[in-house]
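In this chain, numbering begins with 1 at the start of the sequence shown.
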Amino acid sequence: MTGARLLRGAIGAAGFLVVAELVIRFGISGRLDFPTPSAILLEAVRLPADPEFMAGVGTTLTNWVFGLLIATLIAVPVGVLLGALSPLERAVRPLLEFMRPIPSVAIIPLAILLIPVDELMKISVIVYASVWPILINTLYGMRDVDPLAKESLRSFGFGPLAVLTRVSLPSAAPFVATGVRIAAGIALVLAVSAELLAGGFNGIGVFVTVAGSGNRTDLMMAATFWAGVIGVLANVLLMAGERRLFHWHRMRTGATES
């Protein structure tokens, strides 16, 4: 099933590239001042040998990883605390619902004004954007804990801390992992967006901006292509980790749905 889905996706992507190549190369839809997919892919193949680009990738990935890690360290304990204490969760719910829908990209100009240190500003924006999916998924995970399992443990004399560590946290862990996976994609978008808007010395977004200022559209698109590849690889790796670590949860939810 997975192999067939990947094959269909590859065929669809190849078909789209062929059509785009023909449209741009032969001017079927009029004059388009845009590089052909073949030119973009050629530059994409060359980019890993470019030290400047690879330094930018290293900077973007460093900010991305640090921001995602800090967001996880903040969101998971807060989500567990709110999930364990319903009155507290009800008290802060209006604030969460107000702040969560604010587009993360929209706070970048404010962050530029408030945080003068370039890398700290970018990491802060990544943290803000990444916290919400992890926090919300942790809350959902805490609500999904089987109450019978908690009561059974209490009946054997275990206290609240033991119930939390032996039942609630293991049960919520798959939800937390899903939140981290969703946040990883958002964090990468914010990492590149912050570099595009705030500039700096290094980063994929900075590389794209410099290429654009030199009217190198093919180079811009090639760098953007690699940003997309990084996002896809991160998602694939995190999904594989979820399946390996939490296969029992997939079996349980599958049994429940059937």
Side-chain angles (χ1 to χ4, degrees), residues 33-37 39-75 99-135 179-239:
D33 189 16
F34 197 80
T36 60
I40 294 171
L41 290 176
L42 181 61
E43 286 298 330
V45 170
R46 292 173 177 169
L47 273 182
D50 185 338
E52 184 181 351
F53 175 72
M54 294 310 295
V57 171
T59 299
T60 300
L61 290 182
T62 300
N63 293 339
W64 174 58
V65 170
F66 272 115
L68 190 61
L69 178 61
I70 294 169
T72 302
L73 293 176
I74 294 172
M99 296 183 66
R100 186 166 62 94
I102 297 175
S104 301
V105 176
I107 71 167
I108 294 177
L110 179 62
I112 294 173
L113 292 174
L114 296 178
I115 306 174
V117 181
D118 184 61
E119 298 306 318
L120 179 59
M121 181 276 296
K122 293 171 183 174
I123 292 175
S124 299
V125 171
I126 294 169
V127 170
Y128 177 84
S130 304
V131 156
W132 302 112
I134 302 173
L135 175 60
V180 171
R181 176 167 55 83
I182 296 171
I186 297 172
L188 183 60
V189 171
L190 264 294
V192 177
S193 299
E195 291 164 355
L196 285 169
L197 294 176
F201 298 103
N202 256 328
I204 296 175
V206 176
F207 187 90
V208 169
T209 301
V210 172
S213 65
N215 202 26
R216 288 294 308 276
T217 314
D218 54 342
L219 210 54
M220 287 176 57
M221 298 305 299
T224 305
F225 167 82
W226 276 112
V229 169
I230 292 170
V232 170
L233 289 177
N235 188 65
V236 168
L237 290 174
L238 289 171
M239 284 188 69

Exercise for the section: Applying side-chain contact (heavy atoms from CB on, under 4.5 Å), run through Trp226 and Leu47 and close with a yes or a no. Expected result: CA-CA 9 Å; Trp226 276 112; Leu47 273 182; 4.0 Å; yes
message = side-chain contact (heavy atoms from CB on, under 4.5 Å), that's the test. Do Trp132 and Met99 meet it? Break it down for me.
response = CA-CA 9 Å; Trp132 302 112; Met99 296 183 66; 3.7 Å; yes
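A 4.5 Å side-chain heavy-atom check between Tyr128 and Ile107 finds at least one atom pair inside the cut-off. Contact annotation: the side chain of Phe207 never approaches that of Met220 to less than 4.5 Å [non-hydrogen atoms, C-beta and beyond]. Between Thr209 and Glu195 there is no side-chain heavy-atom pair separated by less than 4.5 Å. Contact of the Ile230 side chain with the Val57 side chain is registered, since non-hydrogen atoms from C-beta on lie closer than 4.5 Å. Under the 4.5 Å side-chain criterion, counting only non-hydrogen atoms from C-beta, Asp50 is not in contact with Arg46.
Here CD1 of Ile134 is found 9.5 Å from CD1 of Ile74. Values are rounded to the nearest 0.5 Å. In this structure, CZ in Arg181 is found 11.5 Å from CD1 in Ile186, a value given to the nearest 0.5 Å. Going from atom CG of Asn63 over to atom CD1 of Ile126 covers 5.0 Å, rounded to the nearest 0.5 Å. Here the CD1-OG distance, from Ile70 to Ser124, works out to 7.5 Å after rounding to the nearest 0.5 Å.
A salt bridge links Asp118 with Lys122; the closest basic N to acidic carboxylate O contact falls under 4.0 Å.
The two residues Ile40 and Met221 have their closest heavy-atom pair at CD1-CB, 3.6 Å. Considering all non-hydrogen atoms of both residues, Asn202 and Glu52 come closest at OD1-O, 4.1 Å. When every heavy atom of Val125 is checked against every heavy atom of Ile108, the shortest pair comes out as CG1-CG1, 3.8 Å. Between Leu219 and Glu43, the shortest heavy-atom distance links the atoms CD1-OE1, 3.4 Å. Shortest non-hydrogen contact noted between Leu188 and Ala227 is CD2-O, 3.6 Å. Residues Thr60 and Gly203 come closest through the heavy atom pair OG1-CA, 3.4 Å.
Using modelled atom types, no side-chain atom of Trp64 and backbone atom of Ala187 make a donor-acceptor pair closer than 3.5 Å. With hydrogens and angles disregarded, no donor-acceptor distance shorter than 3.5 Å links the side chain of Thr217 to the backbone of Pro35. Judged by distance alone, the side chain of Ser130 and the main-chain N or O of Val127 form no donor-acceptor pair under 3.5 Å.
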